Amino acid sequence: MCGIYGYIGRNSINEVMGGLKRLEYRGYDSAGIAFIGDNLDCEYADNNEHIKRFKNLTVIKSEGQMSCLEEVINKCLPIGDIAIGHTRWATHGKPSVANAHPHISKNGKWVIVHNGIIENFEELKKQFSPKRFVSDTDSEVVAHLLEKYYDGSALSTLNKVCRMIKGSFALAVLTTYEKDKILVAKYGSPVVVGCDEEAGVVCSDLNSIKVGKCAFILEDNQFAVVEKGNVSVYDENLKPKKLKNMADCHREERGNLGNYSHFMLKEIDEIPRAITRTIEQYNSYEKMRTVLPLNVVRKIKKILIIGCGTAYHAGLIGKRLFEEIGIKSEVEIASEFRYNTFIPEKNTLAIFVSQSGETADTIKALSKCKENNLLTLAMTNVKNSSICFVADRVIYTSAGAEIGVASTKAYNSQVALFYLISSYFKSVLDDNAKDFDREVVKLLDVAKVISHNKIKPICQKVADEIYQSKSIYMIGRGLDYDLAREASLKLKEISYIHCEAYPAGELKHGTISLIDDKTFVFSFITQKMVKDKTQSSEKEISARGGKIIKLTQFEENNAFMQLSLPEVEEKYMPLIAVVYMQLISYYTSVRLGNNPDKPRSLAKSVTVE
Ligand code: G6P
């Protein structure tokens, strides 16, 4: 989702372009940059719809990938000592040059980039003639408000304007009134500011900012003035604030593709390592106690798990694991939870699952739980992400940076962590630490069972069969249904084939009428207890011509295609089976000519509600 990068210092335009590229993983559909400086090929610039020049402020924008913006920049060769840039994921207004950020005020003295949503933008726009607006965005109005309310100080003007805004924002602002600084404001959307001896930087996340001297993660209602070699942070009343310097904190290396054609395939291959690293981080009672002390665990009567997308699907499995050991458990979609009636129960532990740690819906749901005095635990893959600062406690998956938008190794690591946490709870409640040690060993063994190279050919074969489908269904019961839900999301998000997961027994209550002899149905049978029942559902499908692709460890040979899963203890089977489905989704996407790493319309980090 939207990324912000701003730089003051030498080669600012190159630095901003580099920063925006590091933020590309978040997902975007247009990009732009604004800078103060006059050095560019004017003839080219004056006749180019991507470039707007206002005295010494220039804005260059393009639709599509960063390479499109780069092409324009390479032709006009701009130079500037101060620049802000943005990658936009469309919310208000379609992806277009006009709607791309930065947005400029009418007098050409202010230019802004924004991440978040300005909920009252229609209301705010009424202060101006409609003719003033050149975009459909909620963001543009901020530039005009800054122009209108300018009071002689850029920072105080920004402060005044932010008080008028309802919604969420990370804003980076340039103004020709004070050409030597970038102004930053934050409420509800993440932003980091930092500096080196000769430079100042603003960026959407800590992993993508390049600074050595200092880096501060802004909190809500804070402002920052970024200058060459200096950053000042202020509270909402513009009183100076001191924040913890995070420049030396652990930052995740993004890694590179190596010999792979896509990050997604690389990341699927990294699953065994991701699970192992995650488990090893908490492989003893002592380590788990630092996250959840024994006296805390003993008091917990209920577990509430909340997340979005794939993280929510990991939570579905978590819920079953906790219930298996006798702890009442619920799992909710974060965006639904926020507006559902909530009846908090005493001694509930609320677990928030988020690979990025930046998902706005999840963080808002977390705040709601805190307001209701629940103990909160964040499960995230990104150290120092926003969620870590809001939750009472944090537990990390150590999957390594995940770049592919479709989550793979992060999901397996989250599920692995749920096995570990639930086992820790059981051991604490039974007062039997040995059980926990055994679980650690088992999980490390399960990680080794996944043998990618052996299974790739069969997964490719399945992709070759299904890629022309209009609609695909996936069925399972219990844990197999949870698995089907994640598998279905994976396939649809990167292949764009309509795909639905159904509880095997529910299909006959309506959806089965959609099945004909062109329909593929994936059937998951990894749990003995429901084997016969799911087989009956398969028969109902076959009787209507549906083609079953079955994933099971049991000996059966009655399907259109069968993928024989390696056998591990039943409860871990989803962790294994999902890898087949991640690979099948990947190969289907590639077969269709899509880019699985950057599926259309999707963002890796969804920072708006
Ligand atoms: C987006 C991504 C999904 C991800 C979800 C939750 O929708 O496209 O892959 O599962 O956000 O993200 P989180 O970072 O909170 O796990």
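Computed over heavy atoms, backbone and side chain alike; hydrogens, waters and symmetry mates excluded. Only a predicted model underlies this, so the values are computations on that prediction, with no experimental measurement involved. When a ligand or atom number is given, it counts from 1 through the structure's own listing order.
The protein non-hydrogen atom at the shortest distance from atom 7 (O) of ligand 1 is V606 CG2, 3.9 Å. Nearest to atom 16 (O) of ligand 1 among the protein's heavy atoms is Q355 N, 2.7 Å. In terms of protein heavy-atom proximity, atom 10 (O) of ligand 1 is nearest to T310 N, 3.0 Å. Scanning all protein heavy atoms for the shortest distance to atom 14 (O) of ligand 1 gives S356 OG, 2.6 Å. C308 O, 3.3 Å is the protein heavy atom nearest to atom 6 (C) of ligand 1.
Geometrically, K244 does not engage F216 in a cation-pi contact, judged by NZ or CZ lying under 6.0 Å from the ring centre and within 45° of the ring axis.
With a 4.0 Å heavy-atom cut-off, ligand 1 is reached by no atom of L602. Contacts with ligand 1 closer than 4.0 Å are made by backbone heavy atoms (N, CA, C, O) of A603 only, the side chain lying farther away.
By the 4.0 Å N-to-carboxylate-O rule, E70 lies close enough to K21 to be salt-bridged with it. Between K598 and E24, at least one side-chain nitrogen of the basic residue sits less than 4.0 Å from a carboxylate oxygen of the acidic one, meeting the salt-bridge criterion.
With ligand atoms numbered from 1 in the order given, ligand 1 contributes 10 (O), 16 (O) to contacts under 4.0 Å with heavy atoms of A311.
Shown here for S354 and T359, the closest heavy-atom pair between the two residues is OG-OG1, 3.6 Å.
For the pair V405 and ligand 1, a heavy-atom separation below 4.0 Å is found.
With hydrogens and angles disregarded, no donor-acceptor distance shorter than 3.5 Å links the side chain of N381 to the backbone of A410. Proximity of a side-chain donor or acceptor of K61 to a complementary backbone N or O of P102 within less than 3.5 Å is detected.
For ligand 1, the polar-atom distance check finds an N/O of T359 within less than 3.5 Å of one of the ligand's N/O atoms. When only interatomic distances are considered, the shortest N/O to N/O separation between S354 and ligand 1 falls below 3.5 Å.
Between Y473 and F522, a ring centre-to-centre spacing not shorter than 6.0 Å is recorded. Aromatic rings from H313 and Y411 are positioned such that their centres are separated by 6.0 Å or more.
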